[in-house]
Each structure stands twice: as structure tokens, then as C-alpha cells.
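Chain naming here is simple, since letters A, B, ... match the order of the sequence lines and numbering starts at 1 in each.
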2 protein chains.
Amino acid sequence: MALPLTDTQVRDCRDRIRAVAEAQFARRGLAATSLRSIAAELGWAPASLYRYFRNKDELLAATRAAALNRFSDRIEAAYAQPGDLWERSRALGDAYVDFAFEQPAAYQLIFALEQADGDKTPALRAAEERSHRTLTGYIEDMVAAGLLEGDPELLGHVYWSAIHGLIVLQMAGKLKPSLPFDTIRHEITRLLTRGALNRLGRAGHID
Amino acid sequence: MALPLTDTQVRDCRDRIRAVAEAQFARRGLAATSLRSIAAELGWAPASLYRYFRNKDELLAATRAAALNRFSDRIEAAYAQPGDLWERSRALGDAYVDFAFEQPAAYQLIFALEQADGDKTPALRAAEERSHRTLTGYIEDMVAAGLLEGDPELLGHVYWSAIHGLIVLQMAGKLKPSLPFDTIRHEITRLLTRGALNRLGRAGHID
DNA sequence: TTGCTTACCGAACAGTGTTTAGTATGCAAG
DNA sequence: CTTGCATACTAAACACTGTTCGGTAAGCAA
């Protein structure tokens with residue numbers, strides 16, 4: 001073990017480390033996974049990992065990238081299947097949801113979701129419920145007034161998820177620069193006042 | 001300083017600590033903020049914080065709860081203003097967006113968003129761009145086929161934000177239990193095939 | 001003055017990511 | 001076969017983290 005590793009050997013080694021890391025992320029959670037625990041599972045010394053990754057963040061980024069590429073593989077394969085656009089749409093949606101629920105740890109890793117739930121204080125829980133009640137109550141008012149149709153709970157989730165997503169993307173500078181700064185507010189206002197989502201929320205199978 | 005503090009003094013102390021913590025979260029980021037740095041800014045010893053918070057997680061939860069309550073205050077105040085439902089809708093939407101962009105650190109704290117961006121490997125960035133291209137390309141196909149109308153970029157963001165939000169909520173067990181397990185997939189399929197969002201994405205002011 | 005409760009602190013402990021000096025391995029050269 | 005050498009890997013340390021514990025000093029009651 002003193003001659004230089006080939007490129008493929010290095011890549012295999014990186015993949016092995018990455019796999020152990022992702023397994024521990026899924027099993028113990030991200031915060032409880034240390035370089036020492038990963039090295040221990042490999043039967044290595046902690047410092048040895050630094051031959052393959054510059055630091056812990058780079059290892060984390062590598063596992064994220066691998067999970068994200070698995071996700072893209074599934075989506076693209078589903079969308080590439082034969083059929084008309086409706087069928088391919090359905091296959092793509094199914095692939096998206098299937099991946100999320102078959103590999104929840106990978107999905108959480110991709111989107112950097114914390115699975116911590118035990119560190120919620122009663123005060124925090126109360127604040128969350130209050131916020132949820134406020135936003136959901138608004139949707140209920142809209143439904144009661146006949147301005148939106150469907151199940152208020154589900155409708156509210158779609159609603160606020162979309163708005164939240166727009167804000168996050170705007171903050172991250174991911175929206176295309178040609179959009180003026182206020183466009184997001186206009187879009188949100190239209191969401192809120194036009195009932196564009198009013199076909200959603202009615203539970204029922206598609207035909 | 002040896003006689004017991006009154007309840008209000010204790011609360012003031014907790015608030016002072018919390019304020020310093022939130023300021024450091026906003027300034028240096030969440031990961032770079034330690035109990036030692038917070039104590040140092042207060043001129044205290046690190047151990048002293050444990051008289052007011054059981055541990056770091058509880059301090060974090062307190063700051064989260066405080067920020068979330070400030071958020072709810074703004075939303076509720078806007079929605080409680082006089083006017084018809086349209087006007088109150090608009091006020092609520094404005095309040096939501098204004099808070100998010102006036103206090104981005106608080107918004108990120110509330111929704112546990114990591115502001116880390118420098119730890120992105122080229123490989124991870126490539127994987128993200130690939131995934132983004134795949135999902136956006138699908139929307140573009142829909143628009144090209146005349147099944148959706150509007151700006152594909154913005155439309156895609158709303159689209160995937162909503163779906164992502166539904167999955168996260170389903171994973172967290174936040175969707176109401178009466179909804180059968182497959183309802184989320186049906187809703188997503190309807191999103192994908194019904195063009196329910198087809199009124200969105202056309203840039204332009206509301207009248 | 002004595003005693004006691006109490007806010008606060010200094011110092012330590014275990015654990016983390018990371019660096020550095022060093023060991024031992026196995027091929028290549030003499 | 002011996003020597004040299006590049007190299008995969010390690011042991012030990014460093015600086016830092018959250019957290020705990022014994023101790024100190026301050027102010028009130030007796």
C-alpha cells in the first residue's frame with residue numbers, strides 16, 4: 001500500500017467514503033455524523049479521509065451531488081419514456097414523488113432539510129401553530145367567500161409553499177435577472193387575488 | 001448580585017441574550033455563532049448563559065420563536081386592517097413579502113434555511129444546474145405545447161416550489177391525516193396535467 | 001458578625017474538524 | 001539482494017466547540 005493509487009481506485013475510494021457518509025446521515029442524522037464516526041466504520045483513522053476530501057464540507061457536498069444526480073436520473077428516465085405529453089407528465093410526477101418517499105434521507109439531503117424535531121421548545125411549537133393558523137385561516141376566509149374552491153388545508157399548503165418557494169429563490173438570486181424586483185410581489189398578489197389555484201384542493205382521482 | 005432575580009428581570013435577561021444571538025446569527029451566520037462568542041459580546045462567561053437557557057438548542061429555539069412571532073404580528077396586523085377581502089388580501093401578501101425582504105436573516109431563521117453558499121463544489125453546482133434544467137425544461141415543453149401559458153422560468157419556480165412544499169409537509173406529517181396517502185400524488189398529477197397554474201407567469205401589473 | 005441563598009465565573013471534560021510529523025509499505029534503481 | 005524513495009496511512013497534537021462542576025463573592029436576614 002505504498003504505490004500511487006490509480007484514478008479509478010481513488011474514485012472508488014471516494015465513493016466508498018461517500019456511501020458510508022450518506023448511510024450515517026440517514027441513520028444518525030446529519031449533525032450526529034462526524035468524520036471520526038465515518039472513519040471508524042471504514043476502519044480508518046480520521047485523518048485518512050483528508051487524502052480524498054479537502055474537508056467535511058466537501059464530503060457533504062459530494063454526497064449531496066451524488067443524491068441529486070440519482071434524483072435527476074430517475075426524473076429524466078421517466079420523462080424520456082415513450083408516450084404523449086400527458087403520459088410523460090404523469091411519469092415524471094410519479095418519479096419525483098416516488099424518489100422523495102422511497103429515499104427520504106436522500107431527498108432531505110438534497111434540499112438541506114433538518115430532520116431535527118426534538119429540539120422544539122413549547123414556545124416554538126406554539127409560535128409555529130399560531131403562524132400556521134393565521135395563514136390557513138386566511139385561506140379559509142377565501143374559500144368561505146367563494147373566491148377559492150377546494151379543501152382549505154391542502155389549498156393552503158400549496159399556496160404558501162409556492163409563495164415561500166418564490167421568496168427563497170428570489171433571495172438566493174435564482175430568479176432570472178430580467179425580472180424586475182417587484183415582479184415577485186405582483187405575482188404573489190395575483191396568486192392571492194385571482195384565485196389561480198382555485199382548481200386545486202378538491203380531492204379526487206384524475207380520469 | 002446575590003439576591004434572586006425577579007421573573008421580569010429573568011425575562012429581560014433572556015431577551016437580551018436572545019437579541020445578541022439573533023444579531024450574531026444574522027451577522028456571522030448560524031454555524032459561526034458559538035455560545036462563547038455570544039457570552040463575549042455580553043461581557044459574560046460562557047457558563048453563565050446556562051442560568052437562562054438549558055442549552056444552545058433551547059436558545060436557538062427561543063430566537064426562532066421570537067422571530068416567528070414578529071412575523072405573525074405583521075401578518076395579522078395587515079390582515080386585520082379595514083377594507084374588503086381583496087384589499088386585506090393584498091395587505092397580507094405585502095406584509096409577508098415585506099417581512100421576508102426587510103428581515104431576511106429572521107426569515108431564514110424561521111424556515112431554517114442555510115445561507116451557506118461557499119461550500120458548493122463544482123460537482124454539486126453542476127448537479128444542481130442539471131436538475132434545474134431538467135425540471136425547467138419540462139415546463140418549457142408544456143408551454144411550447146400550449147398547455148401552459150406564461151414565462152417558463154417563473155412558472156417553473158412556482159410549480160416546483162408548490163410540489164416540493166407538499167412533499168415536505170407530507171413527510172413532516174403536517175398534512176391532515178384524513179387525506180389518504182396517495183392524495184398528494186393525485187394533486188401533483190393534476191397540477192402537472194390540468195394547467196391549473198396557467199394563469200401565472202405572465203409578467204405584468206395587476207389592475 | 002454570622003450564615004445563607006444566589007448570580008456568576010474559572011477551569012476542566014469530552015468531542016469536534018483539522019494539521020503535522022512520522023511510520024511502514026512495496027515498487028524501482030543500483 | 002540491497003538501497004532509496006514515493007506514498008497510503010496513522011498517531012498525536014491543536015484549536016475550537018458545548019457542557020459541567022466546584023468555587024467565589026455579593027447582598028439580605030438573623
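- Toward the 5' end of DNA chain D, the nearer of the two residues B:Lys56 and A:Pro46, judged by each one's closest nucleotide, is A:Pro46.
- Contact annotation for A:Ser48: base contact, defined as any heavy-atom pair under 4.0 Å involving a base atom.
- Counting atom types as modelled, A:Arg36 pairs no side-chain N or O with a base atom of C:dG15 as donor and acceptor under 3.5 Å.
- Atom CG in A:Leu5 sits roughly 11 Å away from atom C1' in D:dC9 (whole-Å rounding).
- Of the candidates D:dT19, D:dA11, C:dC8, the closest approach to any side-chain atom of A:Ala45 belongs to D:dA11.
- Judged by the 6.0 Å distance and 45° axis criteria, A:Arg88 is positioned over the aromatic ring of A:Tyr79.
- Here the nucleotide nearest the side chain of A:Trp44, chosen from D:dT19, D:dC9, C:dC9, is D:dC9.
- In this structure, A:Tyr107 has its ring center no closer than 6.0 Å to that of A:Phe101.
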Worked verdict on B:Glu140 versus B:Arg133 for salt bridge (Lys or Arg N to Asp or Glu O under 4.0 Å): CA-CA 10 Å; B:Glu140 283 167 1; B:Arg133 237 182 299 114; over 6 Å; no

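- Donor-acceptor pairing under 3.5 Å is lacking for the side chains of A:Thr63 and A:Glu22.
- A close approach under 4.0 Å does occur between a side-chain nitrogen or oxygen of B:Tyr52 and OP1 or OP2 of C:dC8.
- Taking atom CZ on A:Arg28 and atom C1' on C:dT16, their separation rounds to 14 Å, with Å as the unit.
- Between C:dA11, C:dA7, C:dG17, one nucleotide has an atom nearer to the side chain of B:Ala47 than all others, and that is C:dA11.
- Between the P atom of D:dG18 and the CD atom of B:Gln24 lies a distance of 11 Å, rounded to the nearest Å.
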